[in-house]
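Structure record follows, encoded as structure tokens.
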Amino acid sequence: MRRIMTMIGVGYRAPLSAWIDTRPCDCLEITAEHFYDSGEDRLRELADQFALFVHGLGLSLGTPGPLDTSRLKKFARVVEIAQPAWISEHVSFTRTAEVDLGHLTPVRPTRAAAKIIADHGRELFDYCGKPLILENITSYLKIEGELSETDFLNEVCARADCGLLLDITNLFINSRNHDFDPLAWFRELDPARIRQLHIVGYGLHHGRYVDGHGEPVQEELIELAQAVVNETKVEAIILERDADFPGDAAMQDELTKLKRICGRA
Amino acid sequence: VLDFPSALARLLRDGTLREAFALDPVTALGNFPLEDGDRAALLGLAPEDLELQAGVLLHKRFEEVRRILAFTCTNLGDAAWPLFQKYARYYWPDGESDAWADANVFGERLFVECGNAFLPAERNRTRFAASRRRLGISFVWKFPVRGRFRPAIQIFWRSRSRHWREFAIYPDL
């Protein structure tokens, strides 16, 4: 596989703001919802200093019916300011006509569900005018459908003509909780679709692997990410952290691990 | 016909329904107008996995509420999460996610069950946030300022755009 220059960055979070101002990385991933109601000036500052990607959590692409216009407009406003190379969302739903679950929830892997997500993905791309990549999620639920999870992701990406944001930690957690080989799972994906990786340490709670976004990246995750990077043309790796923020030096160490994966340290 | 996400969301938001599903899944989903494939997929879910997934959602709600009721939850200590679970397992606000409304309902239940733990300054705040009032003024003996409590007058003001702000007047002891 031809190697390319892979950017290393972090998910922007307010508690990391001072460290991020020291420009420790190539790029940042902005969570769109964090800038929906305020923070446009800060977003402009960041856009002046970094290559940005805009990541959405709440557009609920897997919900049948039209996308929420209000959220779509707010998302597009963030994109307009950030001018990202691409935008991303999840292969999931967070909301139905009755309730807002407020969390990424798996859809049933069927062709009909793939069409719903892909159609919404195309609508998002048309509305924002930026390439879209879609992310795999973690779930305790094992939902049977017409397709395997990997075939489902391939079908969604092919129908939407979009890329894949492979969350290494979500893959690893699912593989442990549902007892499958993460490398074999990854190799069932269309490698040409994978443009970006997410990574953060996993947690353990009562014998189950959990996605708490509050742990340093473990060695097993680095090994899995290395395998993915070796076999794909990943363009960016984003370190996520949402809880138990360590000091600047520890964050820098995390980035160094990721640079090593790409032969940059 | 009920779509799969809506049916799954009903199971995840409703502790009573999950308990019925664990006892007898066919009967629990009996009234759901589902397509055959969706019904089979839901019946194939392990009740313990559903509980775990629902637990993730509850914990996410709790994190939001804990940010709003910071002092109250600190007062409650280790009891905060079990008390929230007891409340939230059987109550999920309809419509858009609204952490302030969630905090208000949880707080009012706390006030009934263990009133002393609910900091009045936080109660005033959540009650105003959940209301449509334009103005609210309250006096409290314990208002948190830089790690200490002061007597204070809390003033809440809501603009026409429905955004609201809080001002506090307290002696600089």
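Order of the sequence lines fixes the chain letters, A, B, ..., with proteins taken first and strands second; residue numbering starts at 1 for each chain. Note that the structure is predicted; figures quoted are calculated from it, not measured.
In this structure, CZ on A:Phe93 lies 8.5 Å from CG on B:Asp3, to the nearest 0.5 angstrom. Rounding to the nearest 0.5 angstrom, the gap separating the NZ atom in B:Lys60 from the CG atom in A:Leu104 is 6.0 Å.
For B:Asp24, the CG atom counts as densely surrounded, since its 6.0 Å shell holds more than 12 non-hydrogen atoms of other residues, nucleotides or ligands. In A:Asp126, the CG atom is crowded: over 12 heavy atoms of neighbouring residues, nucleotides or ligands sit closer than 6.0 Å. Other residues, nucleotides and ligands contribute over 12 non-hydrogen atoms within 6.0 Å of the CD atom of A:Glu33. Within 6.0 Å of atom CG in A:Asp181, more than 12 heavy atoms from other residues, nucleotides or ligands are found, so the atom counts as buried in its surroundings. For B:Phe111, the CZ atom sits in a loose shell: 12 or fewer heavy atoms of surrounding residues, nucleotides or ligands are nearer than 6.0 Å.
Between B:Gln53 and A:Pro106, the closest side-chain pair of non-hydrogen atoms falls below 4.5 Å. Residues A:Ile143 and B:Leu8 form a side-chain contact, since some pair of their non-hydrogen atoms from C-beta on lies under 4.5 Å apart. Side-chain contact between B:Phe4 and A:Val107: absent, with no pair of heavy atoms (C-beta onward) separated by less than 4.5 Å. Using a 4.5 Å cut-off on side-chain heavy atoms (C-beta onward), A:Thr96 and B:Pro5 make contact.
Of the atoms belonging to B:Arg10, it is side-chain heavy atoms, and not backbone ones, that fall under 4.5 Å from chain A. In this structure, the portions of B:Leu50 lying under 4.5 Å from any heavy atom of chain A include both its backbone and its side chain. Both the backbone and the side chain of B:Leu52 have a heavy atom closer than 4.5 Å to some heavy atom of chain A. Within the 4.5 angstrom heavy-atom criterion, atoms from both the backbone and the side chain of B:Asp38 approach chain A. With a 4.5 Å cut-off on non-hydrogen atoms, A:Ile116 does not touch chain B at all.
A:Val99 approaches B:Pro93 most closely through the heavy-atom pair CG2-O, 4.0 Å.
A salt bridge links B:Asp49 to A:Arg208: at least one charged side-chain nitrogen sits closer than 4.0 Å to a carboxylate oxygen.
Contact count against chain B (heavy-atom pairs under 4.5 Å) is highest for A:Arg108 among A:His205, A:Glu144, A:Arg108, A:His103.
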